[in-house]
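Notes follow once the structure below has been shown.
Note that the coordinates shown come from a computational prediction; the quantities given were computed from them, not determined experimentally. For the numbers below, each heavy atom of this structure counts, side chains included, while hydrogens, waters and symmetry mates do not. FYI, the numbering just counts along the sequence from 1.
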Amino acid sequence: PAAIAAGLGELGKHGSLINRELGCSFRVGVVTTELTLAGDVPRDEGIQDFCRSCQMCVSYCPGGAINDEMEVVRETERWIVDTAKCAPYFAAHYGCAVCLQVCPINAKAFGGEFRDAYVRKMKQLDSLALAEELSATVPAPWAEIEPQEQSP
């Protein structure tokens with residue numbers, strides 16, 4: 001929320017901050033100071049409008065964790081990523097991030113430096129095969145432990 005309020009980007013459908021120039025491949029840092037600084041304001045760069053019509057992260061999310069519908073959270077309309085569906089893939093792969101890899105805005109970031117590699121990779125991807133491949137590597141959820149019988 002602070003990064004959005006500072007005008008660093010807009011929240012994308014995949015739940016990450018998207019900056020027009022950097023895509024979603026950046027980390028937000030904080031520097032504290034006692035200097036008086038002019039405050040920034042949120043910027044509308046059309047990223048949320050783009051995300052409304054784009055289906056890339058929704059289509060390629062192996063866990064089906066990204067919803068196309070927005071919800072109101074703390075008086076702000078936003079997309080919600082279902083963490084219960086995302087977490088197994090994220091944990092099994094030390095950070096899944098398929099949603100960030102297929103984001104078209106990310107492909108345009110850094111002056112299009114990665115665009116050719118992105119286009120080649122997208123042409124090779126099969127969303128069903130990718131979901132099956134990643135699903136096969138996710139450990140089974142913990143089974144409920146039944147109490148052992150106690151002997152007298």
Side-chain angles (χ1 to χ4, degrees), residues 1-33 35 37-142:
I4 294 169
L8 296 179
E10 294 179 60
L11 192 62
K13 194 182 286 186
H14 48 54
S16 293
L17 189 68
I18 301 175
N19 176 281
R20 176 62 67 188
E21 291 80 34
L22 302 175
C24 45
S25 295
F26 69 100
R27 300 273 186 226
V28 176
V30 176
V31 176
T32 59
T33 182
L35 294 172
L37 301 173
D40 288 324
V41 295
R43 296 187 309 186
D44 181 355
E45 296 182 324
I47 291 171
Q48 288 205 342
D49 290 335
F50 179 85
C51 284
R52 276 186 186 85
S53 62
C54 181
Q55 295 296 311
M56 294 302 287
C57 61
V58 174
S59 299
Y60 284 97
C61 176
I66 301 171
N67 193 327
D68 212 19
E69 302 298 321
M70 295 179 92
E71 296 179 23
V72 176
V73 178
R74 289 189 265 336
E75 301 175 14
T76 303
E77 188 178 37
R78 58 173 284 188
W79 286 285
I80 303 296
V81 174
D82 186 335
T83 54
K85 292 179 178 178
C86 175
Y89 294 91
F90 194 87
H93 298 279
Y94 305 101
C96 174
V98 168
C99 57
L100 303 181
Q101 294 172 37
V102 300
C103 179
I105 295 177
N106 226 23
K108 296 175 188 174
F110 302 102
E113 181 179 337
F114 303 112
R115 183 172 174 78
D116 292 340
Y118 166 80
V119 170
R120 281 193 307 274
K121 183 66 176 175
M122 290 308 302
K123 287 180 179 178
Q124 296 170 357
L125 282 179
D126 174 353
S127 62
L128 292 176
L130 177 64
E132 288 174 10
E133 179 184 336
L134 292 177
S135 293
T137 63
V138 174
W142 289 350

For this session: Please name the pair of heavy atoms, one in Pro62 and one in Val98, separated by the smallest distance, quoted to 0.1 Å.
Result: CD-CB, 4.2 Å
Seminar exercise, completed: Output for pair (Arg52 CZ, Cys54 SG), nearest 0.5 Å, gives 13.0 Å
Exercise. How close do Lys85 and Ala65 get, heavy atom to heavy atom, and via which atoms?
Worked result: CB-CB, 3.8 Å
For this session: Report yes if the side chains of Arg20 and Arg43 come closer than 4.5 Å at any heavy-atom pair, otherwise no.
Result: no
Seminar exercise, completed: Distance col, row Met56:CE vs His14:NE2, nearest 0.5 angstrom, shows 11.0 Å
Exercise. If you measure from CZ on Phe50 to SG on Cys103, what distance do you get to the nearest 0.5 Å?
Worked result: 7.0 Å
Exercise. Once you round to the nearest 0.5 Å, how far does CD1 of Ile105 lie from OG of Ser16?
Worked result: 12.0 Å
Exercise. Between Cys24 and Leu100, which heavy-atom pair has the shortest distance, and what is it?
Worked result: SG-CD2, 3.5 Å
For this session: Identify the two heavy atoms, one from Ile66 and one from Lys13, that lie closest to each other, and give their separation to 0.1 Å.
Result: CG2-O, 3.5 Å
Exercise. Say you draw a straight line from CG of Asp126 to OH of Tyr60; how long is it, rounded to the nearest 0.5 Å?
Worked result: 7.5 Å
Exercise. For the side chain of Glu10 and the backbone of Glu45, is there at least one donor-acceptor N/O pair under 3.5 Å apart?
Worked result: yes
Exercise. Any side-chain heavy atom of Cys51 within less than 4.5 Å of one from Ile18?
Worked result: yes
Problem set entry | Which atom of Trp79 lies closest to which atom of Glu69, heavy atoms considered | CD1-O, 3.6 Å
For this session: Determine the minimum heavy-atom distance between Ala3 and Val28, stating which atoms define it.
Result: CB-CG2, 4.1 Å
Exercise. Less than 4.5 Å apart, any side-chain heavy atom of Ile4 and any of Leu17?
Worked result: yes
Exercise. Would you find a donor on one side and an acceptor on the other, under 3.5 Å apart, between the side chain of Asn19 and the backbone of Gly9?
Worked result: no
